[in-house]
Amino acid sequence: MAATIDNRIKIHEVTRITPFSNPTAEFSLPLTLFDTYWLKFLPVGRLFFYQITELTSDLFNSVVLPKLKHSLSLTLLHYLPLAGNLMWPEDTAKPAIYYFPNDGVAVTIAESNADFNTLCGDGVREAVEFRPLTPHLSISDDKAAPISIQITLFPNQGFCIGISIHHAIFDGRSSAMFMKSWACLCKQDEENPSLPPELTPSFDRTVIKDPKGIDLVYVNNWLAFTGSDSDQNKRSLKVMPSIVDVNKLVRATFVLTRQHIKKLRDKILSASNVNEVKLHLSTFVLTCAYVYTCMAKARGGESNRDVLLVFTADYRNRLDPPVPANYFGNCVGSHITNVKARGLMDETGVFFVAEKLSVMIKEIENGITLEGFEDKLLKLMSLMKQAVEGAQGLGVAGSIRFDVYGSDFGWGRPKKVEIVSIDTTGAISLAESRDEDGGVEIGLVLSQQEMEIFSSLFEKGLKDIV
């Protein structure tokens, strides 16, 4: 009998998909310093919406769902650690991923009568509407799942694939690679489908060098940050709790076209006495500069209040030697600077942010060394406390380079991709535009009042530069 979790969705099945042929050999995979850095972060949730207007329940259950389940099983054979669990044995200094025979990924099958087109739209929607489509990720004191999946049918509209991932196990690039691998195997009609080299993951942890043992420094920092007097609680795998009431927030998507990006670049260059060589005016920097200034103005408040500018950089091609592009795990680091709101709220706010981000990016352009990495997490924790105390954190989830709209399972490209978890982090989400080469989709979750102000500022600003 189907279970109802709200008046718009029913759970029909909760199953476990195991890797194809069910490998009998157990193994463990260690965490690197880039993994332990994210050990206590909340799970990352993404939704992929696929529109099929003729999708009946019978077609879904007889064709679509069996193909998705079978191809997921095939995919897990390549991504075997995802079928295991993050565990922390008493005799080990840090957690690791352990796989045992018959391990698998939890998959929930659901049905929703919500308006598919509204959920896939760009307009303002209640943030809480997306939570029932996002699978729960099982995390306890002694065991945490790497990933969980939910497949939700919208009769005669389409279906949605929701994934929740543990940030200590993989980053955004790895998450996108997994989804494209699953889609690739699902789309193939051959009896023995295969993955191209760029989608075949590498789990070789020896490519991440950590001679100073920074991985354990991060583990110990987390224990001190989240632990109590109880040793058992200190070693818990539970992540930090969310302090955000999603029920009070709304979600919307905004788009910067390729022409908007060009005009923003031209405006900054004409308004400043610097040339482009001195500023890193990439699409990423221009997008963040424009959106962050609108967000700071929408928040309002005192001009001397603290604002945290945050972004995450991929280190794969910045380490020496470089890490393979198909490396699966975390190979990213956060970069943060603290500024005053006045810099963003002035008329020159876009230039101010672009300059700040340019300086941060140029610091990593020549490569990444581990010098000073021991204190990196402590700095992040200090700024996290500032955010709890009221500082505005402006961060980024996702990337315009992940090609999330390339995840075609055989029924067409996604109509919409959403990063649900920005409703608890305050970050913006970025993705390549599904409609235009060179454009950018920006996802935001704000209060209703801030969203109205932001939308007005965003649209007015674009009219002024075009």
Side-chain angles (χ1 to χ4, degrees), residues 26-41 79-82 84-99 144 146 165-175 177 200-227 231 234-237 239-240 310-337 359-384 399:
E26 60 186 57
F27 69 88
S28 64
L29 186 69
L31 301 186
T32 73
L33 76 157
F34 297 122
D35 298 318
T36 58
Y37 182 88
W38 304 100
L39 184 62
K40 292 287 187 174
F41 272 70
Y79 290 80
L80 207 55
L82 298 189
N85 286 284
L86 183 65
M87 302 172 70
W88 198 345
E90 291 184 2
D91 59 345
T92 61
K94 66 177 182 178
I97 304 170
Y98 294 85
Y99 172 81
I165 67 171
H166 199 299
H167 207 330
I169 296 175
F170 50 152
D171 57 21
R173 181 176 292 277
S174 294
S175 173
M177 182 169 68
T200 303
S202 168
F203 295 97
D204 181 8
R205 295 303 194 243
T206 64
V207 300
I208 305 295
K209 311 300 181 183
D210 184 16
K212 295 183 179 180
I214 300 173
D215 57 346
L216 293 181
V217 173
Y218 288 164
V219 169
N220 292 330
N221 285 343
W222 278 122
L223 295 183
F225 188 72
T226 61
D231 288 337
K234 283 186 177 182
R235 290 175 60 87
S236 172
L237 290 173
V239 297
M240 294 182 295
V310 189
F311 68 85
T312 301
D314 192 330
Y315 291 165
R316 283 169 176 78
N317 63 350
R318 294 184 168 106
L319 293 173
D320 185 19
V323 173
N326 64 336
Y327 173 81
F328 192 95
N330 281 287
C331 195
V332 296
S334 59
H335 294 261
I336 311 167
T337 189
V359 171
M360 296 166 71
I361 291 174
K362 286 181 178 295
E363 289 176 353
I364 64 176
E365 271 187 344
N366 296 325
I368 295 293
T369 68
L370 298 184
E371 195 67 34
F373 260 57
E374 295 94 331
D375 298 326
K376 197 174 183 67
L377 184 57
L378 291 176
K379 179 181 179 182
L380 176 66
M381 290 173 173
S382 174
L383 295 175
M384 287 165 57
S399 169

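By convention here, the first residue in the shown sequence is residue 1.
Although no hydrogens or angles enter the test, the distance criterion places a donor-acceptor pair under 3.5 Å between the side chain of Thr36 and the main chain of Asp215. Arg235 places a side-chain N or O within 3.5 Å of a backbone atom of Pro89 that can act as its donor or acceptor partner. Put simply, the side chain of Asp171 gets close to the backbone of Cys331: a donor and an acceptor are under 3.5 Å apart. In this structure, Lys209 contributes its side chain and Leu370 its backbone to no donor-acceptor pair below 3.5 Å. Under the 3.5 Å distance criterion, the side-chain polar atoms of Trp88 are matched with a main-chain donor or acceptor of Thr92.
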**OP:** Test His166 against Val239 for side-chain contact (heavy atoms from CB on, under 4.5 Å), laying out the working first.
**Re:** CA-CA 9 Å; His166 199 299; Val239 297; 4.3 Å; yes
**OP:** List the steps, then state whether side-chain contact (heavy atoms from CB on, under 4.5 Å) holds for Val310 with Leu383.
**Re:** CA-CA 10 Å; Val310 189; Leu383 295 175; 6.0 Å; no
Original post:
Checking side-chain contact (heavy atoms from CB on, under 4.5 Å) for the pair Tyr327/Met177: CA distance, chi angles, key distance, verdict?
Top reply: CA-CA 10 Å; Tyr327 173 81; Met177 182 169 68; over 6 Å; no
**OP:** Test Asp210 against Thr32 for side-chain contact (heavy atoms from CB on, under 4.5 Å), laying out the working first.
**Re:** CA-CA 8 Å; Asp210 184 16; Thr32 73; over 6 Å; no
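Looking at Thr206 and Asp204, their side chains do bring a donor and an acceptor atom within 3.5 Å of each other. Side chains of Asn330 and Asp35: a donor-acceptor N/O pair is present below 3.5 angstrom, by distance only.
Heavy atoms of other residues, nucleotides or ligands lying less than 6.0 angstrom from CD of Glu90 number 12 at most.
Here Phe311 contributes atom CZ and Ser399 contributes atom OG; the two are 12.0 Å apart, rounded to the nearest 0.5 Å. We find the CD-CG distance between Glu374 and Asn220 to be 12.5 Å, quoted to the nearest 0.5 Å. In this structure, CE in Met87 is found 12.0 Å from CD1 in Ile97, a value given to the nearest 0.5 Å. Here the OG1-CZ distance, from Thr200 to Phe328, works out to 12.5 Å after rounding to the nearest 0.5 Å. Taking CD1 of Ile214 as the reference point, atom CD1 of Ile208 lies at 12.0 Å (rounded to 0.5 Å). In this structure, the separation between CG on Leu39 and OG1 on Thr226 is 8.0 Å, given to the nearest 0.5 Å.
A heavy-atom distance below 4.5 Å is not found between the side chains of Tyr98 and Glu26. Here the side chains of Tyr218 and Lys40 are not in contact, with every heavy-atom distance at 4.5 Å or above. Within the 4.5 Å cutoff, the side chain of Leu377 has heavy atoms near those of the Trp222 side chain. Counting only heavy atoms from C-beta outward, the side chains of Pro146 and Ile165 never approach each other to under 4.5 Å. Between Thr312 and His335, the closest side-chain pair of non-hydrogen atoms is not below 4.5 Å. Side-chain contact between Ile364 and Arg318 is present, with heavy atoms from C-beta onward closer than 4.5 Å. Between Val217 and Lys212, the closest side-chain pair of non-hydrogen atoms is not below 4.5 Å. The shortest distance between side-chain heavy atoms of Thr369 and Asp320 does not fall below 4.5 Å.
The minimum heavy-atom distance linking Ala93 with Val219 is given by the pair O-CG1, 3.9 Å. The minimum heavy-atom distance between Trp38 and Ser334, with the atom names listed, is CH2-CB, 4.4 Å. Among all heavy-atom pairs drawn from Arg316 and Asp314, the shortest one is N-OD1, 2.9 Å.
Between Tyr315 and Phe34, the two ring planes are perpendicular [angle over 60°; tilted spans 30° to 60°]. Between Tyr37 and Phe41, the two ring planes are parallel [angle under 30°; tilted spans 30° to 60°].
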